[in-house]
Chemist: 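What follows is a single structure, and I will ask about it in a moment.
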Number of protein chains: 2
Amino acid sequence: MARAGLNTRRVTEAGAALADEVGFDRVTVSELARRFDVRVASLYSHVRNSEDLKVRIALFALEELADRAADAIAGRSGKEALVALADVHRDYARAHPGRHTAARYRLDPETAARSAGPRISQMTRAILRGYELEEPDRTHAVRLLGGVFHGYVDLEMSGGFDHSSPDSDQTWVRSLDALDSLLRHWPAP
Amino acid sequence: MARAGLNTRRVTEAGAALADEVGFDRVTVSELARRFDVRVASLYSHVRNSEDLKVRIALFALEELADRAADAIAGRSGKEALVALADVHRDYARAHPGRHTAARYRLDPETAARSAGPRISQMTRAILRGYELEEPDRTHAVRLLGGVFHGYVDLEMSGGFDHSSPDSDQTWVRSLDALDSLLRHWPAP
DNA sequence: ACATCTACCTAAATCCTTTAGGCAAAAGTG
DNA sequence: CACTTTTGCCTAAAGGATTTAGGTAGATGT
């Protein structure tokens, strides 16, 4: 009997693809087995359990996101970098809704620390070098931006802005204008 | 045999309580039945299915959130109103993490339109009356604030800011300062 | 007092998760 | 190249969650 050639990486990637198709919370080991045309139990050699699978998908998505972010901000600074980084989040969410959800899956602290999450924060911090912010305001700004990137994209994806004008693209552009302006004129305490 | 006295409302509320205890995604009809000391099938007279239960919890949470928001902004304006509304979101998330997650559960468009969600947007729009924003910038600002409230609180809850300084309370205060400043000096297109 | 409705029940099918133990293909070793 | 080990997939089986169909007893209204 021919082997499917499974390994943890391949299973994780298939899980990510499945998440994009049916939603992260509907990813099941069973469905994955069906797609590989393999018995369910076989997958348990590659993944500890259902939770482990989800964590792996989350880590995978974070890596992808961090890689794209690194690409996007390379050679850019100031507002250009800000927009590029913001667009990475938004574009990723649109292209890969399931993975984007996965990227925000709650990880336990040690796992989170070893994930690409900190790398993403670091990059957000890096683009703030183009603005004149001293600590602790720089940290405050990193967190605020993180919140906006994640929160705005989430609301948009959940369809909240769908049938109302102006369309969401315009709000996105103007919100980034506004954030850029805010970072240039960050208020004193 | 004594009756438990179930009805849809009571089941929904118990579901909300369960969500706060174990997490929204771990709410199951079975666990709820156990808590009511009732057979699982009995709950299916009150709730169509598992999805229906989740939707009901989501709608319930949105109502609670809207009610608190209404209370909080009554008699306030400008920055005071902004902070009050922002704190409603954050405090609700802390007190009721499961419900807060539920409040962002994806609803189909018609259900979403009938939910308390629009009421919350309306209130966000209302507090912007204290700032000099014309359309479409007012709408842009409503969406940006929605994103921040939701996104920041989410990141905070997921533990991202836990073991780093400055502490998250300070970032929250300063972020609201910054947003207030941004709304007062919203950049021209 | 009687009919009806409501709240809950038993039973059963289906699906997902997870573990235990086995066999055969692939990979490393003398 | 034969031989052992590892790896990849298997069958089997138990435990839960979901959902439907159809039944009964307590509560309610006339």
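These numbers come from the heavy atoms of this one structure, side chains and all, not from hydrogens, waters or symmetry mates. Each chain gets a letter, A, B and so on, in the order the sequences are listed, and its residues count up from 1.
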Chemist: Test your reading of the model: is there a side-chain donor-acceptor pair from A/R174 to the backbone of B/P187, 3.5 Å cut-off?
Modeler: yes
Chemist: Nearest 0.5 angstrom please: B/W172 CH2 to B/D167 CG, how far?
Modeler: 14.0 Å
Chemist: For B/V40 and for A/N49, find the nucleotide of DNA chain C with the closest heavy atom, then tell me which residue's nucleotide is more 5'.
Modeler: B/V40
Chemist: B/D52 side chain to B/V47 main-chain N or O, any donor-acceptor pair under 3.5 Å?
Modeler: no
Chemist: For B/R10 and C/dT6, what is the distance between atoms CZ and C1' respectively, to the nearest whole Å?
Modeler: 14 Å
Chemist: Measure from CZ on B/R48 to C1' on D/dA21 and round the result to the nearest Å.
Modeler: 18 Å
Chemist: Using heavy atoms and a sub-4.0 Å distance, could you list which residues of residues 20-39 of chain A are near DNA chain D? By number, please.
Modeler: A/V38, A/R39
Chemist: Look at the side chain of B/Y44 and decide which nucleotide, out of C/dT10, C/dT19, D/dT18, has an atom nearest to it.
Modeler: D/dT18
Chemist: With heavy atoms under 4.0 Å as the rule, sort B/S50 into base, sugar-phosphate or nothing.
Modeler: sugar-phosphate
Chemist: Can you tell me which nucleotide in D/dA12, D/dC9, D/dT18 comes closest to the side chain of A/S45?
Modeler: D/dC9
Chemist: How many whole angstroms separate atom CG of B/L53 from atom P of D/dT19?
Modeler: 10 Å
Chemist: Could you check if a side-chain atom of B/R26 sits within less than 4.5 angstrom of a side-chain atom of B/E31, using non-hydrogen atoms only?
Modeler: no
Chemist: Can you tell me how far the CD atom of A/Q170 sits from the CZ atom of A/F161, to the nearest 0.5 Å?
Modeler: 13.5 Å
Chemist: Quickly work out the A/K54 NZ to C/dT18 C1' distance and round it to whole Å.
Modeler: 15 Å
Chemist: What about the rings of A/W186 and A/Y131, do their centers lie closer together than 6.0 Å?
Modeler: no
Chemist: Report the distance from atom CG of B/L6 to atom P of C/dA7, rounded to the nearest whole Å.
Modeler: 8 Å
Chemist: Do B/L176 and B/Y152 sit in one hydrophobic cluster, given that two such residues count as connected whenever their side-chain heavy atoms are within less than 4.5 Å of each other, even indirectly?
Modeler: yes
Chemist: Look at the side chain of B/S42 and decide which nucleotide, out of C/dT18, C/dC8, D/dT18, has an atom nearest to it.
Modeler: C/dC8
Chemist: Give the nucleotide from the list C/dA7, D/dC10, D/dT19 with an atom nearest to the side chain of B/H46.
Modeler: C/dA7
